[in-house]
Each structure stands twice: as structure tokens, then as C-alpha cells.
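Throughout, numbering of the chain's residues begins at 1 and tracks the sequence. Just so you know, these numbers use all the heavy atoms, side chains as well, and skip hydrogens, waters and symmetry mates.
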Amino acid sequence: MRNRIIVMGGLVLIAYVLGTRAARVQVKNRESVGHQLVRLWDDPKARRRRRKAAGRAEKKAKKALREFRR
């Protein structure tokens with residue numbers, strides 16, 4: 001009975017350690033957060049998405065302004 005409690009305690013400890021490490025953000029070695037932000041900002045896919053979102057927002061703003069003036 002005592003050995004089972006020790007084994008269960010060990011398993012709980014291992015599960016806890018693995019669970020806490022799994023939730024951490026994975027950062028490449030020697031890459032700062034600022035560098036990550038610059039890399040993500042300069043990504044071509046992200047640029048296209050930002051441009052499309054800005055275009056959609058501009059169209060909606062113009063439409064809302066037209067309806068407001070009526």
C-alpha cells in the first residue's frame with residue numbers, strides 16, 4: 001500500500017511538471033520578443049491581411065458615413 005502511494009505521488013508530480021511546461025510559449029533560441037514582433041510584422045501574409053482588413057474597414061466607414069448623411 002505504501003509503495004502504491006509513493007508511485008502515485010511520483011506520477012502526479014511528473015504529470016504536474018509536464019503540464020506546466022506544455023503551456024509555456026515556445027521561443028526560438030536567442031530570439032528576443034522584439035525580434036519576433038518585427039519578424040511577424042514583416043511577414044508577407046500578415047501584410048496582405050492587414051491591407052485587406054484596412055480596405056474592408058475603409059469601405060464600411062464610407063458606407064456608414066453615407067447612411068449618416070441621409
field: Cation-aromatic face contact Arg47/Trp41, 6.0 Å, 45 degrees
entry: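 Negative - Arg47 is either too far from the ring of Trp41 or too far off its axis.
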Separation of [Y] [atom2] from [X] [atom1] (nearest 0.5 Å):
X     : Y     : atom1 : atom2 : value
His35 : Leu40 : NE2   : CG    : 10.0 Å
Asn3  : Met1  : CG    : CE    : 11.0 Å
Leu37 : Asp42 : CG    : CG    : 11.0 Å

message: The test is side-chain contact (heavy atoms from CB on, under 4.5 Å); show your working for Arg66 and Arg70 and say whether it passes.
response: CA-CA 7 Å; Arg66 272 187 266 131; Arg70 287 184 182 177; 5.6 Å; no
- request: Spell out, as yes or no, whether a donor-acceptor pair under 3.5 Å connects the side chain of Arg69 to the backbone of Ala64.
  value: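 Judged by distance alone, no pair lies under 3.5 Å.
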message: Are more than 12 heavy atoms, taken from residues, nucleotides or ligands other than Arg49, located less than 6.0 Å from that residue's CZ atom?
response: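 No, not enclosed.
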field: side chain to side chain contact (heavy atoms under 4.5 Å, CB included) partner of Lys63, chosen from Lys59, Lys60, Glu67
entry: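 Of the listed residues Lys59, Lys60, Glu67, the side chain to side chain contact (heavy atoms under 4.5 Å, CB included) partner of Lys63 is Glu67.
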